[in-house]
Amino acid sequence: MPVRMRTALVPFAALPLVACAGQQSALDPQGLQSTQILNILFIFLGVAAIVWIAAMIVLAVGMLRRNRTADQPLALHQPFERTAGRVVFILGLATLVIVLGLSIVSYAGQRTVFAKDEHALTLKIIGHQWWWEIRYEDDSPDKSFVTANEIRIPTGQPVKVELESADVIHSFWVPSLTGKMDLITGQKNELQFTAKTAGVYRGQCAEFCGLQHAHMAFAVLALSPDEFGRWRDNENRSANSPTDQLGKQGEQQFRARGCALCHTVRGTLAGGQLGPDLTHIGSRTTVAAGTLPLTPAALGAWIADPQHVKPGNLMPKMPLQSNELIAILHYLEQLK
Amino acid sequence: MTVMAEERELRDDALNGLELSTRLDRIWRTPPGLLGALMSVDHKVVGRRYIVTAFTFLLLGGILAILMRIQLAGPEKTFLSADKYNQIFTMHGSTMMFLFAVPVMEAFAVYLVPLMVGTRSIAFPRLNAFSYWMFLFGGCFLWISFALNVGPDVGWFAYVPLSSLQYTPTKRPDVWAQMITFTEVAALAVAVEIVVTVFKLRAPGMTLDRIPLFVWAMLVTSFLVMFAMPSIMVASTSLILDRLVSTRFYDSSSGGHPLLWQHLFWFFGHPEVYIIFIPGTGMVSAILATFARRPVIGYPVVILSLIATGFLSFGLWVHHMFVTGLPQLGAGLFTASSMLIAVPSGLQIFCWLATLWDGRPVYRTPLLFVVGFIVIFVLGGLSGVMVASVPIDTQVHDTYFVVAHFHYVLIGGAVFPLIGAVYYWFPKITGRMLSERLGRWNFWLAFVGFNVAFFPMHILGLIGMPRRVYTYTPEMDWAHLNLLSSAGAAIFAISFALLLVNVLMSLRAGTLAGDNPWDASTLEWATSSPPPPQNFDRIPVVKHRDPLWLDSASLPVVAGLSVERREVLLTSLAEAEPQIREASPEPSIWPLLTAIATTVFFIGSIFTPWAVLWGTPPMAVTLIGWFWPGGSKEDEQ
Amino acid sequence: MRQTIVRNVAELPTYGYGPRSGPWWGAMGFMALEGMGFAIAIGAYLYLYAVNPNWPIGAAPPDLWPGTAETIVYLLSIIPNEMTKSAAHRQDLAKVRAGLIAMSLIGIGLLVLRGFEFAHLNTRWDNSAYGSIVWLILGLHTTHLATDVGDTIVLAVLMFTRHAKPRRFSDVTDNVFYWNFVVLAWLPLYVLLDWVPRL
C-alpha cells in the first residue's frame, strides 16, 4: 500500500505550496480603521523624521566644528556651560510638549478606531491550534452557521468579531482592515471594523501559538452587500448531497476512513467537532488555514499527507488508497 | 581584639614602593593551581570570567540569529524545521537577554566599579564568585538541554497557556523557567554587591556628586534589578509549580488567568530593557568624556535622568499588552507614561550632543561606536514612541516592526556602547591596546551591517510580516527585504568575527597600554594595566569629579591599612568619610560548592517536588561552610 | 603615578554596627528585593481576587487561630530580639548567648505553628488559583522564616565556640535586624491571608 500511496501522490509532488494571497499590509488600508491608524502613523512618522534629522544635523555639526582651543579638559568656558545647560533644559521641555501632544493625538485616534457601532454584523471567532473557527450568529438559530478560515463580510457595514480561544492565545490580525486583537483563553475580546472596498484581505495569527504558528492564516472576503447576502443564504443550507457515483463513494469513504470523527458536514452523519466544519468547503479559497490554495491538487496533497504540508497539526495521515483519495476529493469539491 | 595586637600589625604606612606592592600582592592574589582558580574571589578574576562567558553566549546567540536569517532569507526554505526554528528563536531571545545582555553589563560592573570607586575589592566577594558559578551553570544547563533537543520552544516570554503542561507536555518550558531562576539569582547577587560597593567602599572624598557616571548608571541598574527581577522569579516559580504539582495560577478553568503571567512577566520585562540600556548610557558617558576631551555637560541632569528612567520604567509594562483587550482609558494612560520616558532619555542625548559640540573629539574606535550609538539609538527611541501609541501598536505589535524597534534600542543602545567599552577598557583589563585599524573596520562593518539587517524589518512589519514565523509564502512580497536583511546580518556577523580576531591578536601582540593610554580622568586609570590583585597600593583620596584631570602627576592617598591581611576601607554613604577598616574575605571553595548544591536543587526540582526535601540539606551544609569562620586573621578580628 | 599620603586611617575600628558596616547594607539590599518579592506575590493575590467573582474559590477562609497565634508570637518576639541586640552592642557574651537561644526556640515554635497554619488553610494548592496563591505566599514567608531560624541557630552555636570574637556581635545585630524584617513582612500577609477572604 505505501507504494500505491506514493503513486497517488505523484501529481501533487511538484506542487508549490502556495496559497491565495490577498492583501496583508498596514500600508495599504482598505478599511475605515486601518485608514485611521495609518493617518496617526504618518503623523508620528513625520514628527520622528524631523526630530531624527535635527538630532543628526546637530551631531554632524558638533563633530565637524573645531571650537575649543584649551588643552586642559577641565578648563571650561563658563558662559558656554551656562548656555548649554539652558539649551538642554529647553530641549527637554520641548520633548515633554511633543510627547504630550502625541499622546493626545494617539488617544483621540484610539477613541475613533475603537468606537463601537451597535448595528454591527456580529460573528464569533474561536482560535484553535492552528486554524480559525468562524461562527455567524443570528437571533434565529436557522440563520446561524459555522465555517472555518474564511470570513466573508459586506462592504460598508461595521463588523463586530467576538474573539475567544479554544486552547492557547492567538491574535486576530487583518492589517488591511484594522489592527490586531488577541484571542485569550478564558476571556472574551471583541473588535470592530468596516471594509471600505470589496476585495480579498489576508489575515494571520500574530501571537506565537506553537509549532505551526506560521501556518495559521485566513482570508477576509469583503463582498457587496447583495453578494454577501447570497453567500450567507447558501452557507445557511445543509451540504449538497453528492449527485454522481464517485461523489457518493466519496461521502461513504469520508465516513469510513474516519474523516467524520473530526469534521462536520451539516445535513450528513458527519458531526465531528475537533476540526473545521466542511459543509461548504468547496466554496472556500484556501485549505489548511491559508496554507494552500483550494485547488483539487492542493486539497489532494493536504488530505494525502497533512503532516508533510503542516507538520505537527492535529490531522493525522490516513492510509488512503489513491481511488479512495480521488473519491473523497470529488465529494469535497461538490460541497459548494 | 586588643590594642596591643593591633599595634604589632604591619601597616602600609611603614612600607613603600616595591616592598609595599609585593606584600599586598601576596595577600590579595588568587592562590595558584586549579583549586586556587576555583577558589578565587578577586573581582577582576571573576569579572573577566563573567565577561568572557557572556561574550561566549553572545557568540552562540549570534549563531542562532544567523541560522534564523538563513531560514528566512527566502520563502518556504526548509533549512530549519518548524520545531527547530521555534527552539532557536526562543533560545536566541533567552540567551541574548538572560545570558548575554544583563550578565555582560553586570560583568563590566563587577570588574570596573571597585576600580572606579578606588577600593580593593567588591563588597561580598564570595557572593560574587557564587553569582558567577550560578550564571555559568544556568547558562550551561540551558545550552546542554538545547543540545539534547530539550531546548525551550515557547518564546523567551513563555506565554501561558502555551507553556502550560497541557499544551507543551515536554520538559522544555521547565528548562526555560529554571534557567530564569539561575540567572536571576546571579543577577540579584551582583546587584546587591554593586549597591553596597558604591554605598560603602568609595574612596575617601568621593562624595555623591563625584561618583563617575558609569558607576551611577550601574547603581541605578542594580536597583532596577533588585525591584524588577523578583517579579519574574515569582512568575517562573509559579509556572513550574503549575506544571509540576498542578497549582492553578494560570488555569482559567480554576480561577487562574493567563494575563496574570503577562503582567508579572512584563513588570519585569520592561525594566529589563532599561537594565540593559542604562549601563550602556554609563559607558557612553565614560567614553564620551575621555574622547571629547572634556567632562560630560550636565552631570546632575544625566544622573537625574537615570533615576527618572529607573522610576518610569516600572510604570509602562502594560504597553506590551495593548492588544489583550484592556480598558481603553487605562491603555491610553500607559501610552502617555511610555512616551514620557523619552524625556529623560532625550535629556541625556542632549547632554551628550552638547559635550561633543564643545569638545575636541579624538576619533578613536570607542568614540566611533558612541557616535554609531547616537545615530541608531535616536532612531530606535523614536520608533519606540510610535509603538507606545495604542492605535499604531495594534498594527505593529508582534510584527517585524517591533523586532526592528527593539534591536535598534538594544543593539544600538547597549551593544554599540558595549563594543566601544571593550575597545576602551581592553587596555586596562589586559595591559594591551586593541588594533585601531581593525577597530575601524569593525565599526564600519557593524554600523552598515546592523542597519542593512534591521532597517528593512520596519517595512516588513508594516507590510504584514508577523514575528516568530518559521516561514512565509512567496506571494507575500516579503522575500526581497528578507534577503536584504539576511545579507546585512552576514555583514554584522563579520564585524563580530573581526572583533574576536582583534581581541585574540592583541592579547598576544597588542601595543603595551601603560596605566592611562587615553588620558582619561577616572580612578581605574590611576593603577597599572592590568591592575594588581590589590587594585591600588594605597587607597586614593578624591578631591574632584575628574581626579586624574585635576592632577595627572600625583595622587593623594590614605595610609594605615594592614599589609598582613585583606582589609578594605569603608566610608560613609554621602560624604565618603572613612569609617571602618573592614576585613575582606579570603579565597574559598565554598561558593563553588554552594553553587553546585544549588544547581542540583534547581535542576532536581523541575523533575520532582521532593527535590525541595533532599536538595535543601546540601545547600544548608555548604552555606554553613561558607560563613563559618576559618580561624584566619581576617575572621578573628 | 606619585603618591602623596594625605591621611592616615590606622586609628579606625575594624568593625561597626548598623549602617556603618557593609553586611548591614547587604542585609538591607536582600530585604529590599525580598520585600519586592512579597509585594509581587500580594499583587498576584489581589489580581486573582479582582478577576474572580467568588473568593475564596470553592473553600472556606483559613481558620483564624494559627495565623493569629503566630502574629502574637511574632510581635512579642521583638522584645527578646531587641534585648539580644542591645546585649550585642554591649558585647555581653552571656546575654547574647541567652538571647540567641531564646530566639532559636521561638523560631522553632513558629515553624511548628506554621505547620498548623498550612493544615488549617482549608484549601489545597491544586484546588483552585485561590489555593495556589495562598500556598505560594505562605510558602514564601515560611522560606524566610526557616532561613532566619537556621541562621539564628548557627549563630547561637558559633557564639559558644572560640570564634565568638567581637566582630561576631555585629553579625548578631544584623540577624536581629533580619528577624524584624521577617516579622514586618508577616503582618500584611496575615491580613491578606486571614482577613481578606472574610471581606
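So you know, we letter chains A, B, ... as the sequences are listed, proteins then strands, and number each from 1.
A salt bridge links B/D358 with B/R294: the distance from a Lys NZ or Arg NE/NH1/NH2 to an Asp or Glu carboxylate oxygen falls below 4.0 Å.
Only the backbone of B/R467 comes within contact range of chain A, judged by heavy atoms closer than 4.5 Å. Only the side chain of B/F157 comes within contact range of chain A, with heavy atoms under 4.5 Å apart. For B/L259, the part sitting under 4.5 Å from any heavy atom of chain A is the side chain, from C-beta outward, and nothing else. Within the 4.5 angstrom heavy-atom criterion, only side-chain atoms of B/Q262, from C-beta onward, approach chain A. With a threshold of 4.5 angstrom between heavy atoms, B/Y363 approaches chain A through side-chain atoms but not through N, CA, C or O. Using a 4.5 Å cut-off between heavy atoms, B/S252 touches chain A through its side chain atoms alone. For A/W52, the parts sitting under 4.5 Å from any heavy atom of chain B are the backbone and the side chain alike. Proximity to chain A involves both the backbone and the side chain of B/I374, based on heavy atoms less than 4.5 angstrom apart. Neither the backbone nor the side chain of B/S521 comes within contact range of chain A, judged by heavy atoms closer than 4.5 Å. Of the atoms belonging to B/Y159, it is side-chain heavy atoms, and not backbone ones, that fall under 4.5 Å from chain A. If you measure heavy-atom distances from A/E190 to chain B, you find no contacts under 4.5 Å at all. At a 4.5 Å heavy-atom cutoff, the contact between A/D182 and chain B is made by backbone and side-chain atoms alike. Residue contact with chain A, scored on non-hydrogen atoms closer than 4.5 Å, is absent for B/F401. In this structure, no portion of B/D519 lies under 4.5 Å from any heavy atom of chain A.
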With ring pair (Phe, Tyr, Trp, His ring centres under 6.0 Å) as the test, would you mind laying out the steps for B/W352 and B/F373 before giving the verdict?
-> CA-CA 11 Å; B/W352 293 323; B/F373 151 81; 5.5 Å; yes
Criterion side-chain hydrogen bond (donor to acceptor under 3.5 Å, both in side chains) on A/Q30 and A/D28, from CA distance to verdict = CA-CA 7 Å; A/Q30 303 294 335; A/D28 179 24; 3.1 Å; yes
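Put simply, of B/G256, B/S389, B/A336, the one with the most heavy-atom pairs under 4.5 Å next to chain A is B/S389. Between chain A and the options B/D83, B/L379, B/V396, heavy-atom pairs under 4.5 Å are most frequent for B/L379. With respect to chain A, the highest number of heavy-atom pairs below 4.5 Å among B/Y167, B/Y472, B/Y250 belongs to B/Y167. Ranked by heavy-atom pairs under 4.5 Å with chain A, the first of B/V301, B/V371, B/V160 is B/V371. Chain B forms more heavy-atom pairs under 4.5 Å with one residue of A/P311, A/C209, A/C205, A/G85 than with any other, namely A/C209. Ranked by heavy-atom pairs shorter than 4.5 Å toward chain A, the options B/D393, B/T324, B/L353 are led by B/T324. Of all the listed residues (A/I40, A/V51, A/L41, A/L27), the one sharing the greatest number of non-hydrogen pairs under 4.5 Å with chain B is A/L41. Counting heavy-atom pairs closer than 4.5 Å to chain A, the top-ranked of the candidates B/T394, B/V378, B/L550 is B/T394. The residue among A/M63, A/Q33, A/H213, A/Q204 with the most heavy atom pairs within less than 4.5 Å of chain B is A/M63. Most heavy-atom pairs under 4.5 Å with chain B, from the set A/L100, A/L183, A/T178, A/I98: that is A/T178. Options A/K188, A/Q36, A/M181, A/Q129 differ in how many heavy-atom pairs under 4.5 Å they form with chain B, and the most are formed by A/M181. With chain B as partner, the option from A/D167, A/V105, A/L191 having the largest number of non-hydrogen pairs under 4.5 angstrom is A/D167.
Not a single salt bridge (charged side-chain N to carboxylate O under 4.0 Å, His left out) links B/D546 to another residue, sequence neighbours left out. Scored by the salt bridge (charged side-chain N to carboxylate O under 4.0 Å, His left out) test, B/D251 finds B/R248 as partners (sequence neighbours excluded). Under the salt bridge (charged side-chain N to carboxylate O under 4.0 Å, His left out) criterion, A/D117 pairs with no residue at all, not counting sequence neighbours.
Separation of atoms CD1 (B/I341) and OG (B/S305) is listed at 11.0 Å; rounding is to 0.5 Å. Of the inter-residue distances, the one linking B/L460 atom CG with A/S25 atom OG reads 10.5 Å to the nearest 0.5 angstrom. Here the straight-line distance linking atom CG of B/D477 with atom OG1 of B/T473 works out to 9.5 Å at 0.5 Å rounding. One distance of note links NE2 of B/H544 with CG of A/L74; it measures 5.0 Å at 0.5 Å rounding. The distance from atom NE2 of A/H170 to atom CZ of A/F208, rounded to the nearest 0.5 Å, is 11.5 Å.
Using a 4.5 Å cut-off on side-chain heavy atoms (C-beta onward), B/R293 and B/V362 make contact. Between B/I297 and A/E81 the shortest side-chain heavy-atom distance falls below 4.5 Å.
Classification of the A/W132-A/F172 ring pair by plane angle, with boundaries at 30° and 60°, yields perpendicular.
Between B/Y400 and B/L72 the shortest heavy-atom distance is OH-CD1, 3.2 Å. Taking both residues in full, the closest heavy atoms of B/A82 and A/L211 are given as CB-O, 3.6 Å, listed atom of the first, atom of the second, then distance.
Aromatic pair B/F265/B/W156: ring centres closer than 6.0 Å. Here the two rings, on B/F334 and B/H320, have centers that are 6.0 Å apart or farther. If you look at B/H458 and B/Y408, their ring centroids are closer than 6.0 Å.
The stretch residues 380-387 of chain B places B/L382, B/V385, B/M386 near chain A, each with some heavy atom under 4.5 Å from a heavy atom of that chain.
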